[in-house]
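In what follows, a structure is listed as structure tokens, so that the remarks can point back to it.
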Amino acid sequence: MEVKRESTNEALNPFRIAQQQLDEAVDRLGLDDATHEMLRWPMKELKVTLPVRMDDGSCKIFHAFRVVYNTARGPAKGGIRWHPDETIDTVRALAAWMTWKTSVVDIPLGGGKGGIICNPKELTDTEKERLARAYIRAIASGLGVTKDVPAPDVYTTPQIMAWMMDEYEVLAGEKHPGVITGKPLSLGGSPGRDDATARGGIYVTREAARAYGTELEGETMVVQGFGNAGQNAAILGRELLGLKLIAASDSRGGVYNPKGIDVERLVRYKQDNGSLEGFPDTDPITNEELLELETTVLFPAALENVITGGNAAKIRCKISCELANGPTTPDADEILYDRGIIVLPDFLANAGGVTVSYFEHVQNTYNYYWSLGEVHRRLDEKMTMAFQSVHEASRQEKIPMRMAAYLVAVSRVAEACKMRGWV
Ligand code: NAD
């Protein structure tokens with residue numbers, strides 16, 4: 001998965017941004033100082049040093065983290081990233097956002113995140129396995145189905161989750177499949193996890209269209225970032241909402257045909273050719289031009305900071321469904337809101353992934369597995385309820401949906417802290 005890394009510039013420090021977003025929500029909610037301070041910081045941080053034997057016989061030392069941000073609503077939940085630029089602040093910020101994400105979809109989990117500073121592209125499979133097992137040995141005492149449940153994230157895969165689960169079970173001396181999610185189906189993974197993020201985004205788009213009276217059937221969609229989330233959004237946008245794809249892009253640029261593009265053929269073309277360039281019956285289009293196309297739904301599904309103060313006045317979609325994390329800058333948010341564009345904020349719109357991870361955790365705990373249809377039905381129910389809570393807060397307070405999502409999520413976590421007698 002390609003991901004642009006955060007800048008080391010202190011103003012763009014992701015944890016600082018996460019704290020600022022929280023500060024505004026706390027201010028609007030009128031929470032007391034103790035609750036505010038409690039929610040500004042992770043509850044637990046672990047820094048571990050991992051000696052790992054490499055294939056050439058040498059020993060390499062890796063540095064890694066696990067952060068538990070808040071567990072007032074349930075065990076911590078959050079992925080493990082493997083990246084050369086990983087920092088404790090990135091992990092803290094992502095753990096905070098996981099706390100708000102699990103809260104906004106109202107699943108009984110808290111937020112956490114993990115990271116190993118490494119370049120997975122330079123590691124062999126056997127080195128990856130030893131690193132995965134070393135990480136679990138170092139943090140195992142804090143993990144558990146009732147404590148902290150990791151999952152995959154950037155550059156970590158179902159295979160890595162399988163090694164991690166196995167290591168945990170060896171240490172525990174018994175089976176604990178629910179200790180980690182995003183596992184292969186053969187080891188207790190959930191059906192429906194592969195397209196869950198896009199599917200959740202499609203469900204909230206459908207609800208937003210209903211709430212705002214926007215017609216979708218036969219109308220158009222544009223996808224920026226034709227990867228896992230973007231391709232599934234295009235497939236499901238057509239299947240479930242009747243939308244017609246008119247443009248899509250990847251890191252090398254995009255393709256455009258106002259009469260419509262055959263989604264399945266485009267997916268196959270991308271698989272076969274590695275890019276969208278040269279797809280028949282389309283014109284090339286730049287990523288900048290693509291974002292400014294007139295369309296009913298825009299799916300930013302690539303990177304952060306693509307809709308900015310510089311282009312927000314030229315965006316011509318009716319609904320922007322943020323499958324990517326952080327595609328819209330705060331100044332652009334204001335412009336889009338003033339122009340009446342409906343922005344479905346990232347931690348609501350892309351929460352389908354963690355919701356199906358939660359379903360995996362539940363199925364593992366029951367040791368009883370659901371059908372694909374059951375997973376889809378329950379995901380729809382969760383995403384629809386989450387949209388309705390956020391939309392209601394946005395309408396009542398007359399605020400953009402992003403801040404409304406913060407108010408819903410933060411107030412639930414604050415209430416749980418209070419009921420426990422923590423603050
Ligand atoms: P991916 O790597 O499968 O796809 C990303 C796509 O974006 C690739 O096709 C890449 O070529 C394209 N891209 C890269 N730079 C681009 C650019 N400058 N302009 C246009 N396209 C560009 O990743 P993914 O899993 O689909 O994730 C995409 C976004 O969704 C990320 O922000 C990720 O954090 C977010 N997200 C994904 C999930 C999930 O379950 N996959 C869950 C939550 C959030």
Side-chain angles (χ1 to χ4, degrees), residues 1-6 14 77-83 90 93-94 97-98 100-102 104-105 111 113 115 120-121 151-158 161 181-182 189-190 192-202 204 222-236 247-256 266-267 269-271 273-277 279 284-293 298-308 311 320-328 344-360 379 383:
M1 164 158 154
E2 298 172 32
V3 172
K4 196 174 100 188
R5 304 303 303 163
E6 288 84 355
K77 182 92 195 83
I80 298 165
R81 283 188 171 198
W82 288 15
H83 201 282
T90 312
L94 290 161
W97 290 323
M98 283 305 298
W100 316 138
K101 199 183 284 199
T102 55
V104 85
V105 283
K113 206 81 186 184
K121 291 180 184 165
D153 197 83
V154 174
Y155 291 136
T156 49
T157 59
M161 297 306 110
T181 62
S190 178
R193 179 62 187 87
D194 47 351
D195 70 5
T197 299
R199 186 174 287 272
I202 292 293
V204 291
V222 165
V223 175
Q224 192 206 28
F226 209 61
N228 175 301
Q231 289 179 21
N232 283 312
I235 293 168
L236 297 170
S249 66
D250 61 18
S251 53
R252 295 211 230 154
V255 291
Y256 172 55
L266 190 64
V267 169
Y269 188 88
K270 165 93 183 166
Q271 276 161 5
N273 298 280
S275 93
L276 304 176
E277 266 173 337
F279 184 68
I285 186 169
T286 66
N287 263 297
E288 292 70 32
E289 290 164 341
L290 172 134
L291 287 171
E292 295 168 14
L293 287 173
L298 170 66
F299 292 103
L303 302 173
E304 58 269 38
N305 301 338
V306 293
I307 301 177
T308 64
N311 64 359
S320 173
C321 175
E322 296 183 344
L323 296 176
N325 282 312
T328 311
L344 299 171
D346 48 7
F347 77 85
L348 168 67
N350 69 30
V354 72
T355 303
V356 175
S357 269
Y358 160 62
F359 294 163
E360 180 177 336
L379 176 64
M383 297 306 297

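In what follows, residues are counted from 1 in the order of the sequence shown. All ligand and atom numbering here is 1-based and tracks the order in the structure.
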Task: Side-chain heavy-atom pair L276, R252 within 4.5 angstrom cut-off - done: no
Task: Side-chain touch L94/R81, heavy atoms, less than 4.5 angstrom - done: yes
Open item on the list: Heavy atoms only: which of G230, A196, G227 lies closest to atom 5 (C) of ligand 1?
Closed with: G227
- [ ] May I ask which of V356, N350, L291, V154 has a heavy atom nearer to atom 43 (C) of ligand 1 than the others do?
- [x] N350
Open item on the list: So, 4.0 Å and heavy atoms of G353: is ligand 1 close enough to count as a contact?
Closed with: no
Open item on the list: Can you tell me if R252 contacts ligand 1 (heavy atom of the residue under 4.0 Å from the ligand)?
Closed with: no
Task: Y256: ring pair (Phe, Tyr, Trp, His ring centres under 6.0 Å) partners, not counting sequence neighbours - done: none
For ligand 1, which atoms have a heavy atom of [X] less than 4.0 angstrom away?
| X | result |
| --- | --- |
| F226 | 9 (O) |
| K270 | 9 (O) |
| L323 | 30 (O), 35 (C), 36 (N), 44 (C) |
| Q224 | 19 (N), 20 (C) |
| N287 | 19 (N), 20 (C) |

TODO: State whether the shortest distance between N or O atoms of A229 and N or O atoms of ligand 1 falls below 3.5 angstrom.
DONE: yes
Task: Geometric N/O contact S249 with ligand 1, under 3.5 angstrom - done: no
Once you restrict to heavy atoms under 4.0 Å, what part of [X] touches ligand 1? Side chain, backbone, both or neither.
| X | value |
| --- | --- |
| Q231 | neither |
| L303 | side chain |
| E304 | neither |
| T197 | side chain |
| N325 | both |

When you measure from the side chain of [X] to the backbone of [Y], do you find a donor-acceptor pair of N or O atoms at a distance under 3.5 Å?
| X | Y | answer |
| --- | --- | --- |
| N232 | N228 | yes |
| N287 | D250 | yes |
| Q231 | F226 | yes |

Task: Minimum-distance pair of heavy atoms, taken over all atoms of I80 and T156 - done: O-OG1, 2.7 Å
Open item on the list: I need the single residue from E360, R193, K77 that forms a side-chain hydrogen bond (donor to acceptor under 3.5 Å, both in side chains) with T181. Which is it?
Closed with: K77
Task: Parallel, tilted or perpendicular, as decided by the 30° and 60° cut-offs, for the rings of Y269 and F279 - done: perpendicular
Open item on the list: Would N350 and E322 count as a side-chain hydrogen bond (donor to acceptor under 3.5 Å, both in side chains) here? Give the steps.
Closed with: CA-CA 7 Å; N350 69 30; E322 296 183 344; over 6 Å; no
